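One structure below.
Just so it is clear, the structure is predicted and the values come from calculations on it, not from any experiment.
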Amino acid sequence: MKKATWLLPFVLLFGLQLVAQEHYTEGPVWRVSTVRVKPNQMDAYLTSLRQSSKPLLDEQKRQGIILDYKLFLKGTRNDPKDWDIALAVLYKNHAAMDNLAAKGEMVRDKILGGKQQAHQLGEKREEIREIISSELIQEIMLK
């Protein structure tokens with residue numbers, strides 16, 4: 001009887017996955033970060049993204065670390081604490097994020113010049129923006 005009780009959670013877990021897989025196939029994975037830019041700092045933030053983040057993301061894409069990236073500018077505001085810009089980075093799957101920190105550090109050092117320069121950039125950005133959220137979401141295709 002104890003074996004049956006122990007086995008029940010696994011049966012339920014895998015059973016739910018099989019039901020889910022019946023309805024969709026898994027696609028790529030997106031990391032979506034939303035940012036609120038501080039008042040009167042949008043130009044400075046976009047300049048920072050263009051000068052530092054774009055070359056970094058372009059190099060990651062060139063090396064196959066990421067598949068793509070997109071920036072979104074929100075045209076509506078539902079709340080004063082709402083986000084202004086979303087950055088979405090596309091990965092082939094969850095496994096593509098294995099060793100991501102080490103891969104990212106190599107690209108960071110090549111593009112930005114090292115950890116200290118990246119840290120200084122981060123400190124400057126903290127003065128002009130606030131990260132609202134960072135979500136990991138998986139695209140699915142309905143069958």
Query raised in the report: Is the shortest distance from a Lys or Arg side-chain nitrogen in Lys124 or Glu127 to a carboxylate oxygen in the other one below 4.0 Å?
Result: no
Requested in this report: Using a strict cut-off of less than 4.0 Å between a Lys/Arg side-chain nitrogen and an Asp/Glu carboxylate oxygen, indicate whether Lys54 and Asp58 qualify as a salt bridge.
Outcome: yes
Requested in this report: Determine whether Met42 and Ile128 fall in the same hydrophobic cluster, where Ile, Leu, Val, Met, Phe, Trp and Tyr are linked whenever their side-chain heavy atoms lie under 4.5 Å apart.
Outcome: yes
Report task. Return the minimal non-hydrogen interatomic distance between Tyr91 and Pro28, and the atom names on each side. Result -> O-CB, 3.2 Å
Report task. For atom CG of Asp98, decide whether the heavy atoms of other residues, nucleotides or ligands shown that lie under 6.0 angstrom number more than 12. Result -> yes
Query raised in the report: Are Leu136 and Leu100 connected, step by step, through hydrophobic side chains (Ile, Leu, Val, Met, Phe, Trp, Tyr) whose heavy atoms are closer than 4.5 Å?
Result: yes
Requested in this report: Looking only at non-hydrogen atoms, find the nearest pair between Pro55 and Leu49 and report the distance.
Outcome: CD-O, 4.5 Å
Query - Ionic contact status for Lys70 with Asp68, cut-off 4.0 Å - result: yes
Query - Side chain proximity check, Val29 to Met97, heavy atoms < 4.5 angstrom - result: yes
Report summary line: Interatomic distance, CD@Gln116 vs CG@Leu121, rounded to 0.5 Å, equals 12.5 Å
**Report entry** Cationic N near anionic O, under 4.0 Å, Asp82 to Arg36
**Finding:** no
Query raised in the report: Taking it one step at a time, do Gln63 and Val107 satisfy side chain to side chain contact (heavy atoms under 4.5 Å, CB included)?
Result: CA-CA 9 Å; Gln63 289 187 22; Val107 174; 3.8 Å; yes
Query - Side-chain donor/acceptor of Asn93 to backbone N/O of Ala96, under 3.5 Å - result: yes
Report summary line: Heavy-atom closest pair (Gln60 atom, Gly104 atom, distance to 0.1 Å) is NE2-CA, 4.1 Å
Query raised in the report: Is there a side-chain contact between Leu87 and Val32, using heavy atoms and a 4.5 Å cut-off?
Result: no
Query raised in the report: Distance from Thr25 atom OG1 to Met141 atom CE, nearest 0.5 Å?
Result: 4.0 Å
Query raised in the report: Does some side-chain heavy atom of Lys74 sit less than 4.5 Å from a side-chain heavy atom of Thr76?
Result: yes
Requested in this report: Flag the pair Lys143 and Glu22 as a salt bridge only when some basic side-chain nitrogen lies within less than 4.0 angstrom of an acidic carboxylate oxygen.
Outcome: no
Requested in this report: Would you check if the side chain of Thr34 reaches a backbone N or O of Ser133 as a donor-acceptor pair within less than 3.5 Å?
Outcome: yes
Report summary line: Separation between CZ (Arg129) and CG (Leu46), nearest 0.5 Å, reads 12.5 Å
Requested in this report: To the nearest 0.5 angstrom, please state how far the CG atom of Leu71 sits from the CG atom of Leu73.
Outcome: 9.5 Å
Query - Taking every non-hydrogen atom, the tightest pair across Trp83 and Phe72 - result: CZ3-O, 4.1 Å
Query raised in the report: Would you say the side-chain atoms of Asp84 and Tyr45 include a donor-acceptor pair closer than 3.5 Å?
Result: no
Query raised in the report: Out of curiosity, Glu105 CD to Lys115 NZ, how far, rounded to the nearest 0.5 Å?
Result: 7.0 Å
**Report entry** Exercise: identify the closest heavy-atom pair between Arg125 and Ser48
**Finding:** NE-OG, 2.7 Å
Query raised in the report: Which distance, rounded to the nearest 0.5 Å, do you find between the CD1 of Ile66 and the NZ of Lys92?
Result: 15.0 Å
Report task. Taking all non-hydrogen atoms of both residues into account, name the closest pair between Ala118 and Arg108 and its distance. Result -> CB-CD, 3.4 Å
